[in-house]
Every structure is written in C-alpha cells, then in structure tokens.
2 protein chains.
Amino acid sequence: MNFFNTVGKMAIGSRLRMLTDRITEDAAEIYKLYKIDMQPKWFPVFYALSQGEEKTITGIANEIGHSHPSVSKIISEMSKKGLVIEKKGNADGRRNMVRLSEKGVEFNLKIQDQYKDVENAIEEISAQATNDLWKAIEEWEFLLEQKTLLRRVKEQQKQRESRSVKIVDYKPQYAKAFKALNEEWISSYFKMEEADYKALDDPEGYILKNGGHILVALYEDEPLGVCAILKIQNGDFDYELAKMAVSPKAQGKNIGWLLGLAALDKARSLGASKVYLESNTILKPAINLYHKLGFKKIAGYPSPYERSNIQMAVDLNLQ
Amino acid sequence: MNFFNTVGKMAIGSRLRMLTDRITEDAAEIYKLYKIDMQPKWFPVFYALSQGEEKTITGIANEIGHSHPSVSKIISEMSKKGLVIEKKGNADGRRNMVRLSEKGVEFNLKIQDQYKDVENAIEEISAQATNDLWKAIEEWEFLLEQKTLLRRVKEQQKQRESRSVKIVDYKPQYAKAFKALNEEWISSYFKMEEADYKALDDPEGYILKNGGHILVALYEDEPLGVCAILKIQNGDFDYELAKMAVSPKAQGKNIGWLLGLAALDKARSLGASKVYLESNTILKPAINLYHKLGFKKIAGYPSPYERSNIQMAVDLNLQ
DNA sequence: ATTAAATACGTAATTAGTTACACAATATTA
DNA sequence: TAATATTGTGTAACTAATTACGTATTTAAT
C-alpha cells in the first residue's frame with residue numbers, strides 16, 4: 001500500500017487495522033479448512049473455556065479483554081450450537097456459569113491440530129521477517145500502558161506551542177494586556193487592591209522608572225502572559241517577582257514557566273542574587289511553578305497585599 | 001494482557017485488533033484536542049484530497065485501500081460538513097468528482113500542527129521500543145502478499161499429515177484395500193481389464209511370489225494408499241511401478257509422493273537400477289508425480305493394458 | 001432491618017467497516 | 001449499429017465489536 005509511505009507513521013492506526021482485517025479474513029477460511037463448525041470470533045472465548053473449568057461471563061470477558069456484552073453474545077451463539085452449557089449460579093443467582101459441553105470438549109480435541117498448524121505458519125512468517133511483530137506489539141502495549149498516545153500527543157503539542165512563545169520586553173502597546181491579564185485572575189480569586197491599581201494603571205511610572213522590568217509572552221504575536229520584577233530598595237532581596245499572569249486560553253503552553261525563567265534571567269543579568277515573591281496558597285499551580293523555578297518558602301516579611309499568605313525566595317547564586 | 005501469553009502467537013489477530021482499537025480510540029480524542037471538527041475515519045480520505053486535486057470515489061478508495069462504499073459514505077458525511085465539493089463528472093457522467101472546499105483547504109492548514117505532533121509522539125514511542133512495529137507491519141504485509149496465511153496454514157497441515165503417514169509392507173489384511181483403492185480410480189477413468197483382476201484378486205500369487213513387492217500407506221492405521229513394484233523377467237528394466245492408488249479422501253497428504261519414494265527405495269534396496277511404468281496422459285497429477293520422482297518419458301514398449309498411452313522410466317543410479 | 005451501593009448480565013443502539021446488489025453510463029465487440 | 005461487457009456509484013444488509021442502559025441479585029452501611 002503505497003499510500004502509507006506517503007502519509008507517514010501517523011497512519012499507523014489505519015495500517016494496523018488493514019493488517020488485522022487481512023489476518024482475520026484468512027482465519028475464517030482456516031476454520032473452514034479444518035471442517036470445524038466454529039466462528040473465528042468465538043476463539044478467545046472457546047480457548048478460555050478449553051481447560052474445562054466453569055467460568056462466568058464477566059470472568060471470561062476480563063480474561064480475554066472483551067466487553068461483557070460481547071462475551072454474552074458469543075456464549076449464546078455457542079450455546080445454540082451445543083458447544084457450551086449455561087447454568088445459573090448456585091450460590092450467586094446473578095451469575096451465568098458457563099462450561100464446555102461434551103461436544104465442546106470433542107471440538108477442543110479436534111482443533112488441536114489446527115492450533116499447531118496455525119502456530120507453525122505464523123512462526124514461519126516470523127522466521128522470514130527480520131522485525132519481530134509479536135515483540136513489537138508487546139512493546140507498544142507496554143509503552144501505551146505507561147503513557148497513552150493521547151498524553152504523548154498532548155506533550156508534543158505543548159512543546160511545540162511553547163517553542164513558538166516569544167518572551168519580549170515591555171512596550172507601551174502591551175499596557176492594556178498587562179492590566180487586563182492581571183485583573184482577570186486577581187478579581188476572580190480575590191479583589192483588586194490599592195497597590196494593584198497603582199502598578200497596573202501606570203506600569204512605567206511605578207515599575208520601570210523605579211528600576212523594575214516587565215516581560216511579555218507573545219503567542220502568534222498576541223500577548224498572552226505577563227510578569228514583572230520590581231527593584232526592592234532596601235532589605236535582604238534585590239528584586240521582587242510580581243504581577244505574573246497567564247491567559248486561561250493559553251493554558252498548557254508552558255507560558256508561566258517561560259516567563260518565570262526569563263524573569264530570573266533578567267534579574268541575574270542585572271546583577272541580582274536574591275529574588276523574592278508573595279502569593280497565596282490557594283493558587284496551587286502558581287506555587288508549584290515557583291517551586292519548579294527554585295523558590296523556597298520563607299517567613300517574616302510584611303506585605304502590602306491582603307491576599308498574600310505565603311512568601312518565597314530564591315538565591316540565584318545557588319541555582 | 002496475560003491471556004495472549006498463554007494462547008501463543010495464533011492469537012496474533014486478536015492482539016492486533018486490540019492494539020488497533022486502543023490507538024483509534026485515542027485518535028478520536030486527539031482530534032478533539034485540536035478542536036478540529038473532523039472524525040478520525042475521515043482522515044485517509046481527507047489526506048488523499050489534501051493536495052487539492054479532484055478525485056473520483058473509486059480512485060480514492062483504491063488509493064487508501066478501502067472499499068468504495070466506505071469512501072462514498074465518508075464523502076457524503078464530509079460533504080454535509082462542507083469540507084468537500086462533489087461534482088458530476090464532465091466527460092464521464094458516472095464519475096463523482098470530489099475535491100476539498102475552501103473550508104476543507106482551511107482545515108488542511110489547521111491540521112498540519114496536529115500531524116506534526118502525532119508523528120512526533122509516534123516517533124517517540126518508536127524510539128523507546130527496540131522492535132520496530134512499523135517495519136514489522138511492512139514485512140508482514142509483504143510476506144502475506146507473497147503467500148497468504150491461509151496457504152501457509154494449508155502447507156503446515158499437509159506437512160503434519162504427511163508426517164503421520166506410515167508406509168508399511170503388504171500383509172494379507174490389506175488385500176481388500178489393495179483391490180478397492182485400485183478399482184476405484186481405474187473404473188472411474190477407464191474400465192477394469194483382465195490383467196487388473198489377476199493382480200488385484202491374487203496379489204500374493206501374482207505379485208509377491210514373482211519377486212514383486214507391495215507397499216501400503218497407513219494414515220491413522222487406515223490403509224489409504226497402495227503401490228506395487230513388479231519384477232520384470234527380461235528386458236531393459238528391473239522393476240515396474242504399478243497399481244499405485246490413493247484414496248480421494250486422503251488427497252493433499254502427500255501420500256502418492258511418499259509411496260513413490262518408498263517404492264523406489266525398495267527397488268534400490270533390491271539392487272535394481274531401472275524402473276519402468278505405464279500410465280495414461282489424462283491422469284495429469286499422476287504423471288506429474290512420476291516426473292517429480294525422476295521418471296522420464298520413453299517409447300516403444302508393448303503393454304498389456306489398453307489404457308496405457310505413455311511409458312516412463314527412471315535410472316536409479318542417476319538419481 | 002432498611003436502604004444504598006455494587007455486581008452480573010442481557011438487550012438495544014451505535015460504529016466503522018464490509019459484501020451484495022441495482023442502475024446508469026461508457027466501452028467493446030460482433 | 002446493436003448487443004454485450006465493464007465501470008462508477010449509491011443503497012441495503014451484514015458483521016464484530018463497542019457503549020449505554022435496565023433489571024435482578026448480592027453486599028455493605030446505617
């Protein structure tokens with residue numbers, strides 16, 4: 001199928017399906033070949049019962065990895081052909097206890113040769129191939145168990161999007177975004193305070209002129225995240241990280257992380273060694289991010305903000 | 001799934017199906033993730049049209065390896081969503097010429113990022129696996145193209161059955177089978193002749209006492225094939241291969257071949273170097289078998305049988 | 001002893017494909 | 001040129017699975 005070579009690996013699902021179809025198609029013919037009146041789809045159920053034990057519908061379903069309605073249907077078909085015997089559970093009246101009938105046991109004997117031949121035929125193919133399909137499937141099952149394809153794709157998406165995020169210095173054109181993004185989260189969790197208005201309404205006068213800096217995260221030229229470092233005049237720290245805000249619609253693009261890194265880089269380039277911040281513990285993702293950036297909880301500093309209930313700091317020289 | 005480890009490779013069909021299901025399940029989620037209103041099953045069709053060309057239903061079907069009704073259905077669904085435009089063929093009124101609409105082209109641009117992410121996610125899995133699923137599938141496709149699973153299983157069956165065929169020396173208890181098996185084929189193609197009755201009614205007197213031998217093929221202790229070598233008193237040959245008969249119900253078990261080999265072995269062990277036989281060209285499988293055994297067509301020898309129209313011989317020393 | 005929750009199962013509806021069939025348009029052949 | 005074969009398509013019926021849901025029974029909790 002030339003198509004698959006042009007499409008690439010993302011068509012692996014379709015390709016797998018076609019191989020599967022091809023094999024199951026032949027399987028039906030193979031049963032005919034051995035003159036055993038059994039449908040290929042019965043096989044896993046039949047096999048699960050072949051040791052002679054009594055099993056329940058859901059028991060079989062779990063064992064072979066089908067849904068229980070599928071097993072239920074197959075059992076009723078096999079029952080009609082007289083291959084299995086159903087019996088209502090003795091101790092538990094909900095259960096449908098199923099086992100091979102005498103005819104079923106007979107079938108099981110007859111079918112052994114077929115098993116051997118099919119097994120050998122598949123071994124023959126395996127021997128001719130240099131890549132082991134069986135092992136490859138096993139590995140894929142394992143890897144998908146550990147992390148689903150969906151999660152892997154999500155991670156790729158995040159990575160790609162974070163690559164196309166640009167962190168730039170503040171310009172007057174970003175004034176609106178700087179205020180809006182901050183106002184959005186502050187007013188949804190707390191309420192805007194005096195100090196907020198001062199900084200957000202006049203960032204140039206309040207932050208930049210006092211030796212602070214503002215960074216803006218652009219995604220496709222749209223400002224979706226902001227963050228500031230404020231020069232601290234006197235005390236144990238050089239800068240305060242503040243006014244970090246990321247648009248909810250940009251979640252999962254790593255923007256917070258990128259802004260945080262850029263802010264610390266900026267502080268470092270300005271000769272800072274200790275950076276301070278204030279936050280609130282109900283903002284769990286934010287606290288988490290600060291941890292990842294290297295901030296540690298400290299205590300005993302006064303804050304102009306009501307909402308502040310945690311203080312953190314990082315020593316850039318120890319990073 | 002522990003089940004598959006106990007069942008062995010013959011469950012490869014079921015196992016493939018489960019992996020396929022798992023991947024296509026995630027595929028649906030992935031489309032949602034990118035907020036593209038497209039069903040995964042549309043993908044191959046969409047992709048086939050993505051270069052902008054106009055294509056026919058069957059054209060697409062052949063390209064992507066689906067049946068045409070499947071494509072027909074998908075196209076009508078995509079049409080409803082405004083992704084493609086259908087147009088009755090201009091030159092050929094049967095054709096339904098399909099191409100992406102403007103909206104479809106737009107989708108195609110939007111979906112490129114998704115393609116990249118999925119491709120990368122799959123590459124990531126591949127990189128973590130030591131067995132290459134993609135290549136393994138490719139190899140299986142190729143090997144099944146060359147010889148289907150069905151044919152391979154048939155060959156295994158034949159081999160296994162021929163292994164359980166035993167060739168033994170004649171005993172009086174096989175007299176009936178010796179006559180019946182020969183009478184069956186002779187009278188269905190020709191008619192029984194004087195010489196036939198003599199040999200079949202009294203094999204001991206007519207064949208064994210004159211230095212000949214009879215071999216019997218047993219399958220599950222049932223005589224399903226016979227064959228004789230007759231001592232030739234004077235002339236260019238030592239033995240004549242004759243009265244070879246295999247039950248029709250034992251076809252495909254290699255019995256003819258095994259009997260032929262055993263007969264020549266017997267002749268060789270008796271010091272013979274040249275073996276002769278007579279047959280009729282309408283018995284194509286038989287002639288074929290004789291060829292495989294090393295017999296070559298010769299001419300100019302008289303035969304007591306009306307039905308004989310070909311003579312063959314083999315020189316055991318040249319084998 | 002009730003009540004609520006969980007379990008086992010079957011039925012119905014859905015899904016993504018298939019094959020079978022019918023019909024029209026075109027191509028081939030006598 | 002008429003008859004026949006082939007091709008392109010759509011519709012219908014089938015297949016082998018699924019999810020959704022209802023019912024009966026058992027187990028756990030109050």
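Convention: sequence-line order gives letters A, B, ...; per-chain numbering from 1.
A 4.5 Å side-chain heavy-atom check between B/Leu144 and A/Ile23 finds at least one atom pair inside the cut-off.
Between the CG atom of A/Leu16 and the P atom of C/dG17 there is a distance of 14 Å, given to the nearest Å. As a whole-Å value, the separation of A/Lys88 NZ from C/dC9 P is 12 Å. Atom NZ in A/Lys73 sits roughly 13 Å away from atom P in D/dT19 (whole-Å rounding). When rounded to the nearest whole Å, the span between NZ of A/Lys55 and P of C/dC9 equals 14 Å. For the pair A/Glu25 CD and C/dA16 P, the computed distance is 20 Å after rounding to whole Å. Straight-line distance from the CZ atom of B/Arg15 to the C1' atom of D/dA17: 19 Å, rounded to whole Å. At whole-Å resolution of the value, CG in B/Asn96 and C1' in D/dT7 are 14 Å apart. The distance from atom CE of A/Met97 to atom C1' of C/dA8 is 12 Å, rounded to the nearest whole Å.
Toward the 5' end of DNA chain C, the nearer of the two residues B/His68 and A/Ile57, judged by each one's closest nucleotide, is A/Ile57. Heavy-atom nearest nucleotides on DNA chain D were determined for A/Asp92 and for A/Val71, and the one closer to the 5' end corresponds to A/Val71.
Summarising the geometry of A/Leu224 relative to A/Ala250, their closest heavy-atom pair is CD1-CB, 3.8 Å, with the distance given to 0.1 Å. Across A/Glu138 and B/Asn5, no two heavy atoms sit closer than the pair OE2-OD1, 3.5 Å.
Under 4.0 angstrom from either OP1 or OP2 of C/dG10 there lies at least one side-chain N or O belonging to A/Ser72. Distances shown here put a side-chain N or O of A/Arg17 below 4.0 Å from the OP1 or OP2 atom of C/dG17. Between B/Gln39 and the phosphate of C/dA16, there is a side-chain N or O to OP1/OP2 separation shorter than 4.0 Å. Look at B/Thr56 and you won't find any side-chain N or O under 4.0 angstrom from OP1 or OP2 of D/dG8.
Within the 4.0 angstrom heavy-atom criterion, no nucleotide atom of any strand lies near B/Ala61. Residue B/Ser70 is classed as a base contact, given a heavy-atom separation below 4.0 Å to a base.
Counting only heavy atoms from C-beta on, A/Pro69 has its side chain closest to D/dT19 among C/dG17, C/dA25, D/dT19. Closest approach to the A/Arg94 side chain among C/dA16, C/dA8, C/dT26 is made by C/dA8 (side chain taken as heavy atoms from C-beta onward).
A salt bridge links B/Lys249 with B/Glu222: the closest approach of a Lys/Arg side-chain nitrogen to an acidic carboxylate oxygen falls below 4.0 angstrom.
The environment of B/Lys9 atom NZ is dense: over 12 non-hydrogen atoms of other residues, nucleotides or ligands sit within 6.0 angstrom.
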